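Working notes for the structure below.
Along the sequence shown, residues are numbered consecutively beginning with 1. The structure displayed is predicted, hence computed values, not measured ones.
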Amino acid sequence: MKAYVFPGQGAQFSGMGADLYDQSPEAKDLFNQANDILGFSITDIMFEGSAEDLKQTKVTQPAVFLHSVILSKVLGDQFQPDMVAGHSLGEFSALVANNTLNFEEGLKLVAQRAQAMQHACELEASTMAAVLGLEDELVEAVCAETEGVVVAANYNCPGQLVISGEVAAVERACENLKERGAKRAMLLPVGGAFHSPLMEPARKDLAAAIENTVFNDPICPVYQNVSTFAVSSPEEIKKNLIFQLTAPVKWTQSVQNMIKDGATSFVEVGPGKVLQGLVKKIDRSAETSSATIL
């Protein structure tokens with residue numbers, strides 16, 4: 001069975017999507033629609049902007065989403081998913097690719113998500129840190145015993161977990177984790193504490209938008225970050241998506257469940273190869289590849 005996976009924030013690069021725009025009339029039309037929907041020329045920034053330009057919150061999330069979704073659209077008959085999943089932001093790409101959301105509604109939600117997260121980041125100084133070389137349970141225990149808000153946020157693969165929370169609490173947790181044997185515990189260059197309780201203002205903002213959006217029956221199940229299991233019910237998909245901003249991204253568990261349910265091949269749709277690397281660390285026997293237009 002074939003699983004299609006969609007990357008999240010951080011996968012962007014200067015020039016992303018330009019080849020799609022040049023090679024496919026369908027892609028060109030969708031990119032032009034996106035410029036109209038967003039009210040600014042995101043294609044100019046994606047194709048010609050610097051890495052710094054692409055780091056703007058209002059740009060990064062829609063840019064990664066557009067690259068992934070438009071690539072899935074122009075794959076045509078090549079795109080035959082048995083299941084889909086996305087890492088954080090990538091879950092929105094996955095939900096457009098499996099027809100739960102239409103292109104315009106998906107893009108609008110991603111744009112609103114980016115703005116809501118930016119606003120939440122401005123309310124309180126917060127950050128994230130990557131922790132390497134420890135068992136998940138030990139990282140969770142250290143977070144629980146550390147003063148302040150700090151939680152496990154991204155379960156990326158065995159031995160690689162990202163924590164998230166108040167700056168001082170994350171720094172304290174990093175010191176404690178190094179003392180407990182972490183190979184590395186380093187702060188990440190991010191705008192705030194994503195997938196933590198500090199994103200509650202953003203969750204509230206986005207929840208209203210999600211509730212007012214039509215979710216359709218998907219063409220295949222999605223393995224969501226919050227639940228990790230196959231979901232096909234539009235109402236359940238909607239509920240999980242609302243909680244995604246404050247809940248951890250359980251990528252390891254999602255991939256394990258996809259494999260348990262029969263996935264043998266993982267195709268990454270969008271910029272970069274980060275998810276292929278994580279899948280290989282979760283299960284060496286899984287086949288991985290990048291989606292490309294013929």
Side-chain angles (χ1 to χ4, degrees), residues 1-8 11 17 20 24-34 36-38 61-114 206-207 209-244 249 251 254-255 257-258 261-263 265-271 275 289-294:
M1 292 175 77
K2 191 173 279 192
Y4 284 81
V5 292
F6 297 81
L20 294 174
S24 165
E26 183 183 2
K28 188 173 188 176
D29 181 54
L30 288 168
F31 275 120
N32 289 334
Q33 281 184 47
D36 292 339
I37 293 165
L38 293 171
Q61 295 192 27
V64 174
F65 168 86
L66 287 170
H67 190 286
S68 293
V69 167
I70 292 174
L71 177 54
S72 74
K73 297 284 188 192
V74 301
L75 288 173
D77 292 340
Q78 278 189 78
F79 187 70
Q80 298 286 344
D82 295 301
M83 54 186 80
V84 296
H87 191 287
S88 189
L89 162 71
E91 190 159 286
F92 287 80
S93 310
L95 291 174
V96 175
N98 80 347
N99 290 357
T100 303
L101 289 167
N102 69 32
F103 176 75
E104 181 174 350
E105 297 285 8
L107 179 56
K108 285 179 178 176
L109 285 179
V110 166
Q112 286 175 280
R113 180 183 192 266
L206 193 61
I210 289 173
E211 290 289 6
N212 291 322
T213 299
V214 174
F215 279 53
N216 305 304
D217 290 323
I219 58 171
C220 68
V222 58
Y223 287 67
Q224 290 184 274
N225 296 173
V226 169
S227 70
T228 79
F229 297 105
V231 184
S232 295
S233 156
E235 283 308 309
E236 194 175 345
I237 291 171
K238 189 179 279 195
K239 182 185 74 176
N240 289 335
L241 202 59
I242 287 170
F243 285 108
Q244 194 220 52
V249 174
W251 187 252
S254 297
V255 171
N257 284 332
M258 293 167 96
D261 291 347
S265 167
F266 288 80
V267 183
E268 187 164 2
V269 189
L275 298 185
S289 62
S290 296
T292 52
I293 53 174
L294 298 174

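- Take Asn216 and apply the side chain to side chain donor-acceptor pair (under 3.5 Å) test, not counting sequence neighbours, and it matches no residue.
- With a 4.5 Å cut-off on side-chain heavy atoms, Phe266 and Leu275 do not count as touching.
- Rounding to the nearest 0.5 angstrom, the gap separating the CD atom in Glu268 from the OH atom in Tyr4 is 13.0 Å.
- The line from CG of Leu107 to CD1 of Ile37 is 5.0 Å long, rounded to the nearest 0.5 Å.
- Separating the OG1 atom in Thr228 from the CG atom in Asn257 is a distance of 4.5 Å, to the nearest 0.5 Å.
- With sequence neighbours excluded, no residue forms a side chain to side chain donor-acceptor pair (under 3.5 Å) with Ser24.
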Would you sort out whether Tyr223 and Val255 count as a side chain to side chain contact (heavy atoms under 4.5 Å, CB included), showing the intermediate values?
-> CA-CA 8 Å; Tyr223 287 67; Val255 171; over 6 Å; no

N/O donor to acceptor pairs below 3.5 angstrom from side-chain atoms of residues 93-102, sequence neighbours left out:
from	atom 1	to	atom 2	distance (Å)
Asn98	OD1	Thr100	N	3.2
Asn98	OD1	Thr100	OG1	2.7
Asn98	ND2	Cys220	O	3.0
Asn102	OD1	Glu104	N	3.2
Asn102	OD1	Glu105	N	2.7

Give the C-alpha distance, both sets of side-chain angles, the deciding distance and a yes or no for side chain to side chain contact (heavy atoms under 4.5 Å, CB included) between Val5 and Val267.
-> CA-CA 6 Å; Val5 292; Val267 183; over 6 Å; no

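- The backbone N or O of Lys28 sits less than 3.5 Å from a side-chain atom of Asn32, completing a donor-acceptor pair.
- Under a 3.5 Å cut-off, the side chain of Lys238 and the backbone N or O of Thr213 do form a donor-acceptor pair.
- For the residue pair Leu71 and Ala291, the shortest heavy atom distance occurs at CD2-O, 3.6 Å.
- Note: Ile70 CD1 to Phe65 CZ = 8.5 Å, rounded to the nearest 0.5 Å.
- Residue Phe31 holds its CZ atom at 7.0 Å from NE2 of His67, rounded to the nearest 0.5 Å.
- Exactly one of Val222, Asn240, Ile237 qualifies for a side chain to side chain contact (heavy atoms under 4.5 Å, CB included) with Ser227. That residue is Asn240.
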Residues Arg113, Ser88; criterion side chain to side chain contact (heavy atoms under 4.5 Å, CB included); working and verdict | CA-CA 11 Å; Arg113 180 183 192 266; Ser88 189; 3.2 Å; yes

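- For residues 213-232, there are no salt bridge (Lys or Arg N to Asp or Glu O under 4.0 Å) pairs, not counting sequence neighbours.
- Taking both residues in full, the closest heavy atoms of Ser68 and Pro271 are given as OG-CD, 3.9 Å, listed atom of the first, atom of the second, then distance.
- Nearest heavy-atom pair across Val74 and Ile293 is CG2-CG2, 3.3 Å.
- A side-chain hydrogen bond (donor to acceptor under 3.5 Å, both in side chains) check over residues 70-86, counting only residues at least two apart or in different chains, returns nothing.
- Here ring-ring contact (aromatic ring centres under 6.0 Å, His included) pairs that include residues 87-113, with residues two or more places apart or in two chains, are His87-Trp251.
- Expressed to the nearest 0.5 Å, how far CD of Glu211 lies from CD1 of Ile242 amounts to 4.0 Å.
- Of the candidates Glu91, Gln244, Glu236, Glu91 is the only one forming a side chain to side chain donor-acceptor pair (under 3.5 Å) with Gln224.
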